[in-house]
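The structure appears right after this line, and notes come after that.
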Amino acid sequence: MPELPEVEMFRRALEEGATGRKLRQLKVYDAKVLRCQETQLVEGLVGHFFHPPQRIGKYLFVPFSSGQVLLIHFGLTGSLAFFDEAEDPPRFTRVAFLMESGNHLAYVCPRKFGRLDIGPDVQSLQKARQLAEDAYTISWEDFEHHLGQTRRMVKTVLLDQSVAAGVGNWIADEILFQAKIYPERRVADLSAEEKRRIFEKMKEIIQTALAVEGDYEALPAQFLIHRRGWTQASPAFCENCTGETEYIKVGGRATYFCGVCQKKPG
DNA sequence: CTGTTTGTTTGCCG
DNA sequence: TCGGCAAACAAACA
């Protein structure tokens, strides 16, 4: 589920529903999702108040009144949900944050690929995760610098969170489709103009996805995302050129592109 | 039963 | 040192 737009929705829900509230108890149902010791979480968080969360890429950073910062990553299937204090937590809740009063918070993660961690500040956690600036706010200068002159495939580099944080598999495909660039092109072979086009499309696509609050169904019909079979309208052909949607694996990841618009270099 | 998956890390090989 | 690749993590779904 979660790429940048959905994680931003979780951030907003958390800001709205938890800020200023006191954590009374932490319930760890499955310690596999902890990147730290459970005792560290308890000492750093329990009895303290939630401050407004910050998002960088697909990670949430939740400062507490103790000064410690909770790090939340969602893996492939993670989410946050509030649940009534009188009820059981939702299915696949791995950690529950029991509040002093009112609704409780659940970290739900069916496949357990997500992780929670804790640290003294946002910067050190960001550095430890080798996380670049957020893809939505990163400057052209920094983005171009992080791209560098590597021989790696452009799609692989876009997925690299140390280049621009938050670009996931569908956004990477969407960027390259809209910028009309074949996913296996080498970054070092891209022209300055092509790199700039990638940057502009990255911003534009994220902005569009945020505007519809991460609802894929509501994205414009010409978006490539509708050809992954995730949405109601799942056309097999490109709206621009009627080219057929092609499927390959790039870096082990499912990759969709238009065989006509995204010309393979001869 | 098989093969697929919106993410990340680790280790191997050329 | 670089870059591709497979595996591992775990569970749902077709």
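Every chain is numbered from 1, with letters handed out A, B, ... down the list of sequences.
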(request) Compute the centroid of each ring, for A:Phe64 and then for A:Phe49, and state whether the two points are separated by less than 6.0 Å. (result) no
(request) List in chain and number order the residues that pass side chain to side chain contact (heavy atoms under 4.5 Å, CB included) with A:Glu100, two or more places apart in sequence or in another chain; answer none if no residue qualifies. (result) A:Lys22, A:Arg24
(message) Can you tell me which nucleotide in B:dG7, B:dT5, B:dT6 comes closest to the side chain of A:Tyr216?
(response) B:dT6
(message) Please classify the nucleic acid contact of A:Phe74 as base, sugar-phosphate, or nothing, using heavy-atom distances under 4.0 Å.
(response) nothing
(request) Name the closest nucleotide to the A:His73 side chain, picking from B:dT8, B:dT6, B:dT4. (result) B:dT8
(message) Whether A:Arg253 contacts B:dT5 is assessed here as follows: a side-chain N or O lying under 4.0 Å from the phosphate OP1 or OP2. Is that the case?
(response) no
(request) Please state how far atom CZ in A:Arg35 lies from atom C1' in B:dT9, giving the value in whole angstrom units. (result) 8 Å
(message) Counting the atoms with a prime plus P, OP1 and OP2 as sugar-phosphate, which does A:Gly168 contact under 4.0 Å by heavy atoms, base, sugar-phosphate, or nothing?
(response) sugar-phosphate
(request) Let me know the distance between CG of A:Asn169 and P of B:dT8, rounded to the nearest Å. (result) 10 Å
(message) Taking 4.0 Å as the cut-off, does a side-chain nitrogen or oxygen of A:Tyr247 come that near to OP1 or OP2 on B:dT5?
(response) yes
(message) Quick check on A:Gln123: does its CD atom have over 12 non-hydrogen neighbours (other residues, nucleotides or ligands) under 6.0 Å away?
(response) no
(message) So, OP1 or OP2 of B:dT9: does either fall under 4.0 Å of a side-chain N or O from A:Arg129?
(response) yes
(request) Figure out the CD1/P separation between A:Ile225 and B:dT6, and round it to whole Å. (result) 11 Å
(message) Could you tell me how far apart A:Leu76 (CG) and B:dT6 (P) are, to the nearest whole angstrom?
(response) 7 Å
(request) Extract, from 5' to 3' on DNA chain C, the first and final nucleotides lying under 4.0 angstrom from some heavy atom of chain A. (result) C:dG3 to C:dA12
(message) Given B:dT5, B:dT6, B:dT8, identify the nucleotide with an atom nearest to the side chain of A:Trp230.
(response) B:dT6
(request) Name the pairing partner of B:dT6, where a pair is Watson-Crick or G-U wobble with both distances under 3.5 Å, or state none. (result) none
(request) Would you please indicate if the ring centroids of A:Tyr182 and A:Phe257 are separated by under 6.0 Å? (result) yes
(message) Taking the six-membered ring for Trp, are A:Trp170 and A:Tyr256 closer than 6.0 Å centroid to centroid?
(response) no
(request) Specify the separation, in whole Å, of atom NE2 of A:His226 and atom C1' of B:dT6. (result) 15 Å
(message) Would you say A:Gln161 places a side-chain N or O within less than 4.0 Å of OP1 or OP2 belonging to B:dG7?
(response) no
(request) Quick one: which residue pairs count as a salt bridge (Lys or Arg N to Asp or Glu O under 4.0 Å) with a foot in residues 247-266 of chain A, not counting sequence neighbours? (result) none
(request) Taking atom C1' in both C:dG3 and B:dT6, compute the distance separating them and give it to the nearest angstrom. (result) 24 Å
(request) Starting at atom CG of A:Asp117, determine the distance to atom P of B:dT9, rounded to an integer number of angstrom. (result) 11 Å
(message) Ring of A:Phe113, cation from A:Arg111 - is the NZ or CZ under 6.0 Å from the centre and inside 45° of the axis?
(response) yes
(request) Rounded to whole angstrom, note down the C1' distance from C:dA6 over to B:dG3. (result) 16 Å
(request) Mind checking A:Thr156 for me? I need base, sugar-phosphate or nothing, with any heavy atom below 4.0 Å counting as a touch. (result) nothing
(request) Answer yes or no: are there more than 12 heavy-atom neighbours, outside A:Glu244 itself, under 6.0 Å from its atom CD? (result) no
(message) Below the 4.0 Å mark, does B:dT5 have OP1 or OP2 next to a side-chain nitrogen or oxygen of A:Lys249?
(response) yes
(request) Using atom CD of A:Gln126 as one end and atom P of B:dT8 as the other, report the distance to the nearest whole Å. (result) 14 Å
(request) Kindly indicate whether the side chain of A:Arg111 and the base of B:dT5 share any N or O donor-acceptor pair separated by less than 3.5 Å? (result) yes
(request) Let me know the distance between CG of A:Leu131 and C1' of B:dT8, rounded to the nearest Å. (result) 12 Å
